[in-house]
**Q** 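Pasting a structure here, questions to come.
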Amino acid sequence: MPVVQGYPGNELNRAFVRIEGSDRLPGNDADYIETTIISTAMAGEKSTGPDKLLHSIFGFDSFRPGQKEIIDHLLDKSHVLAVMPTGSGKSLCYQVPPLVLNERTIVVSPLMALMDDQVAALQDIGVPADRIHSNRTHEDNGEAWNQFKSRQTFLLYMSPEMLMSQKMLNALQSVETGMFVIDEAHCISKWGANFRPDYEALSKLNGLFPQSVIAAFTATADAATQQDIIQKLTNNNCIKFVQGFDRPNLHLTVKAKLNWKTQLLEFLEDKKNSSGIVYCLSRKQTEEAAEFLRAEGYNAIAYHAGLDSKTRSEHQDRFMTEPHAVMTATIAFGMGIDKPDIRFVAHTNLPGSMEAYYQEIGRAGRDGEPAETLLIYGLDDLFQRRRFIEKDGEDQHHKLREHKRLDSLLGYCEASSCRRIALLHYFNEEIGPCDNCDNCISPPALIDGTELAQMTLSAIYRTGQSFGAAHIIDVLRGSRSEKIMERNHDQIKTFGICAGYSKPYLQGFIRQLIAAGHATLNIKKFGGLEISKSGFMLLKGGIEFQFKQPLEPAPKSKSSQSLKNSIPAHIYSGEDAELLARLKQKRLSLAQDQGVPAFVIFPDTVLYQMVERKPANRDEFLNLSGVGPAKLENYGDSFLAVINN
Ligand code: ADP
Ligand code: ZN
């Protein structure tokens, strides 16, 4: 529902006339897009509205959920905040209106590499777009501005600091700008996950350019952040659009950490031919992971804030352009990464919060094809995270909130039913079981753990509620370690009472006790376990405790799972697999010639269609989703030759 209606306007009709007529300032040679639009119009087809453009320029058959509504509101000149999951197609929402209206649009984006890719992709389908940023020469930037000013480009990308510089603001006073698009809009809010001081200045835009539409987009904003964005960017005068968070193509798995390297290798075993991200906690671990994966034959690249900016951007370029690259990275990597064919995201440690986790896994599978995610975590991670929170400033309320957020993530990790239900529940969305997470595919059996819990809690109690899980497990298993003998912990009632249980089993069990809220990790006592109120009730027999078998079940046969989740590339065999490989080779050589990432030429989804539908001629090629006239013109013959060879 609209929050508040933006200002009304009758620009629309005028703009439609404009695009069909010749009310354009003369460009040198008419840009492809204009030729296309005009020739369609001349062919006697009345509308050059969004639907036509979607087909004739972008080559798509239909809008994805939400896109049309947002575009309509923007065409109506309302300010819009759209919160849509990664991969849902936000870019199209702001790329279509300037083309329909023939109006200048400025797109604010935080990352230069991202701007370059988006502009390359637009230019490749004949949409006149450019960018201004500090990595380009003064001349290039000047030329981009002149083209924008003289209406030869409609879409101009720039960074927030570039836009809000006094020089740029002055220059903008002399040209009419239809719309300002703020991508990654959550960066403006201190409530959000990635506050950026550069973004704060954008709150002046609305006052400076009251005639222009503000369109804000983000994939991560809870209710408070949304309100903050609306207030700052549009002075509460905005239509809010929130699209569901569900990403059904992402397979979700969480595993207890035994040995992260072995577990990672197991996960990557069938992924040698795909790209993905492996998130690590520290710079050191990032380097270690990259080295170890390279030794195993993966094209692994490290990325973290300790690398100088040149190396970082080189590594990012390699990830974007090289086939089958694996980025091992700290969270410094990823915001705004616009690679649609990331097939997996693995976490080797617990992420910072549910929001961070959702955002990080959300980078996989933006093309809508199946993608896999794996989170490996252990109690050490939890302790580590709690320490980070404690070390972060003095605001006690803030710390409490952060601890609560971490609790939610822990609950998710230890969930024994559908993970997607748990994940979406956190974002206030209700769905049914997903059939695409570890718990749905092989539901864990719940067993009664009341007695084991009582023994564990009793050991915690009798050792004074100040020892960590490792020591409690030693007590339960009857270890005669120095630490135990020194403190006479071999004398307590529960000493050795769980001698038959393995360490990992008891670790898993204690994690579940913590996730259920019966025991807590006290950071001030260096991770000492304490018993909560409900823990005391459990100890006294007032409540029961169900838990899931902590050890991993025997690996299931691949067949049940693979069919649904495997990547299409793996389904192909024989001639089709060979064709796909040749198509990819063609795409790579075209991309290298042009110096753009491969997916700018065609995303994987389009290659899959070529394999499946084997278009025989240009007409059939144009029918593929994602192929418009420009793509047909530029690449049709090259790919048709590969297919029909
Ligand atoms: P977001 O910015 O929301 O993360 P993108 O704008 O990058 O997502 O879009 C993700 C992918 O979906 C891109 O490859 C894009 O070309 C594709 N896409 C967008 N809209 C459509 C559509 N209507 N039909 C088919 N594919 C689409
Ligand atoms: Zn599920």
Side-chain angles (χ1 to χ4, degrees), residues 50-51 53-55 57-71 82-96 107 109-111 114-115 117-118 121-122 124-125 127 181-185 215-220 241 243-254 334-342 359 362-369 371 373 412 415-425 431-444 561 564-565 597-609 624-628 631:
D51 300 276
L53 284 178
L54 182 74
H55 192 68
I57 303 294
F58 294 89
F60 297 134
D61 295 332
S62 54
F63 283 106
R64 291 222 182 119
Q67 288 179 325
K68 188 67 193 309
E69 289 90 321
I70 292 172
I71 290 171
V83 186
M84 295 164 84
T86 309
S88 54
K90 288 188 281 298
S91 328
L92 197 88
C93 299
Y94 59 79
Q95 288 165 351
V96 167
V107 183
S109 170
L111 286 174
L114 181 67
M115 291 184 216
D117 288 348
Q118 290 232 348
L122 284 170
D124 202 49
I125 53 173
V127 173
V181 175
I182 319 295
D183 207 2
E184 311 283 357
F217 292 85
T218 171
T220 37
F241 192 95
Q243 162 109 341
F245 280 88
D246 195 9
R247 297 278 313 280
N249 62 321
L250 298 187
H251 177 78
L252 308 171
T253 298
V254 181
M335 191 171 74
I337 287 302
D338 196 20
K339 188 170 159 60
D341 59 350
I342 294 175
Q359 192 174 28
R363 291 175 185 135
R366 295 173 59 154
D367 53 10
E369 296 293 322
T373 73
Y412 168 79
S416 48
S417 52
C418 177
R419 298 224 185 258
R420 202 172 313 268
I421 291 182
L423 183 62
L424 292 178
H425 179 74
I431 55 153
C434 74
D435 277 344
N436 196 18
C437 73
D438 50 355
N439 287 344
C440 278
I441 289 169
S442 45
Q561 203 189 344
K564 179 160 181 192
N565 303 312
F599 61 79
V600 166
I601 308 288
F602 279 127
D604 283 355
T605 42
V606 178
L607 300 192
Y608 299 152
Q609 292 176 65
L624 304 177
S625 172
V627 177
K631 293 277 182 198

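Just follow the structure's listing: the first ligand is 1, and inside any ligand the first atom is 1.
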**Q** Is there a donor-acceptor pair closer than 3.5 Å between any side-chain N or O of Arg419 and the backbone N or O of Asp438?
**A** no
**Q** Can a donor-acceptor pair be found, under 3.5 Å and without considering hydrogens, that links the side chain of Gln609 to the backbone of Ser625?
**A**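 Yes; at least one donor-acceptor contact below 3.5 Å.
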**Q** For ligand 1, find out whether one of its N or O atoms is nearer than 3.5 Å to an N or O atom of Ser625.
**A** no
**Q** Should Pro85 be listed as contacting ligand 1, given a heavy-atom distance under 4.0 Å as the test?
**A**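 In this structure, Pro85 qualifies as a contact of ligand 1 - some heavy atom is under 4.0 Å.
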**Q** What part of Pro603, side chain, backbone, both or neither, has a heavy atom within less than 4.0 angstrom of ligand 1?
**A**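 For Pro603, there is no contact with ligand 1 at all, from either part.
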**Q** Going by the order shown, which atoms of ligand 1 are within less than 4.0 Å of some heavy atom of Phe63?
**A** 23 (N)
**Q** Can you tell me which portion of Ala219 lies within the under-4.0 Å heavy-atom range of ligand 1? Options are side chain, backbone, both, or neither.
**A** neither
**Q** Angle at the Zn ion (ligand 2): provide the value between SG of Cys440 and SG of Cys434, rounding to 10 degrees.
**A** 120°
**Q** To the nearest 0.5 angstrom, please state how far the CD1 atom of Ile441 sits from the SG atom of Cys434.
**A** 7.5 Å
**Q** Could you check whether any side-chain N or O of Asp367 sits under 3.5 Å from a backbone N or O of Thr605, counting only pairs where one atom can act as donor and the other as acceptor?
**A** no
**Q** Does the Gln67 side chain pair with the main chain of Gly89, one donor and one acceptor, at a distance under 3.5 Å?
**A**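 It does hold such a pair.
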**Q** Within the distance-only criterion (no hydrogens, no angle test), does the side chain of Arg420 pair as donor or acceptor with the backbone N or O of Ile431 below 3.5 angstrom?
**A** no
**Q** Once you restrict to heavy atoms under 4.0 Å, what part of Phe60 touches ligand 1? Side chain, backbone, both or neither.
**A** side chain
**Q** Examine Arg64 against ligand 1 and note whether any of their N/O atoms are separated by less than 3.5 Å.
**A**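 In this structure, Arg64 places an N or O atom under 3.5 Å from an N or O of ligand 1.
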**Q** Which atoms of ligand 1 sit under 4.0 Å from any heavy atom of Ser62?
**A**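 Contacts of ligand 1 toward Ser62, numbered from 1: 22 (C), 23 (N), 24 (N).
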**Q** Counting distance only, does the side-chain N/O of Asp183 pair as donor-acceptor with the main-chain N or O of Val107 below 3.5 Å?
**A**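 Such a contact is absent between Asp183 side chain and Val107 backbone.
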**Q** So which protein heavy atom does atom 8 (O) of ligand 1 come closest to, and at what separation?
**A**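 Minimum-distance protein heavy atom for atom 8 (O) of ligand 1 reads Gly89 N, 3.3 Å.
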**Q** Considering only protein heavy atoms, which is closest to atom 11 (C) of ligand 1, and at what distance to one decimal place?
**A** Arg366 O, 3.8 Å
**Q** Measure from the side-chain N and O atoms of Lys90 to the backbone N and O of Pro85, and report whether any donor-acceptor pair falls under 3.5 Å.
**A**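 Side chain of Lys90 to backbone of Pro85, a donor-acceptor pair under 3.5 Å: yes, one is there.
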**Q** Checking the side chain of Asn439 only, and the main-chain atoms of Ser417 only, is there a donor and an acceptor separated by less than 3.5 Å?
**A**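 Flag set: sc Asn439 to bb Ser417 pair under 3.5 Å.
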**Q** Nearest non-hydrogen atom to atom 5 (P) of ligand 1 belongs to which of Ser91, Cys93, Gly626?
**A** Ser91
**Q** Just heavy atoms, cut-off under 4.0 Å: does Met84 contact ligand 1 by side chain, backbone, both, or neither?
**A**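 No part of Met84 is near ligand 1 at this cut-off.
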**Q** Would Lys339 and Phe599 count as a cation-pi pair here, with the cationic atom under 6.0 angstrom from the ring centre and within 45° of the axis?
**A** no
**Q** Please calculate the SG(Cys418)-the Zn ion (ligand 2)-SG(Cys437) angle and round it to 10 degrees.
**A**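 Taking the Zn ion (ligand 2) as the apex, the two atoms subtend 120°.
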**Q** For atom 19 (C) of ligand 1, what's the nearest protein heavy-atom neighbour? Residue, atom name and distance, please.
**A** Gln67 NE2, 3.7 Å
**Q** Roughly how far, to the nearest 0.5 Å, is the CG atom of Asp61 from the CG atom of Leu54?
**A**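 Result: 8.0 Å between the selected atoms.
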**Q** So, 4.0 Å and heavy atoms of Ala121: is ligand 1 close enough to count as a contact?
**A** no
**Q** How about atom 13 (C) of ligand 1: does it have a protein heavy atom within less than 4.0 Å?
**A**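 Protein heavy atom within 4.0 Å of atom 13 (C) of ligand 1: absent.
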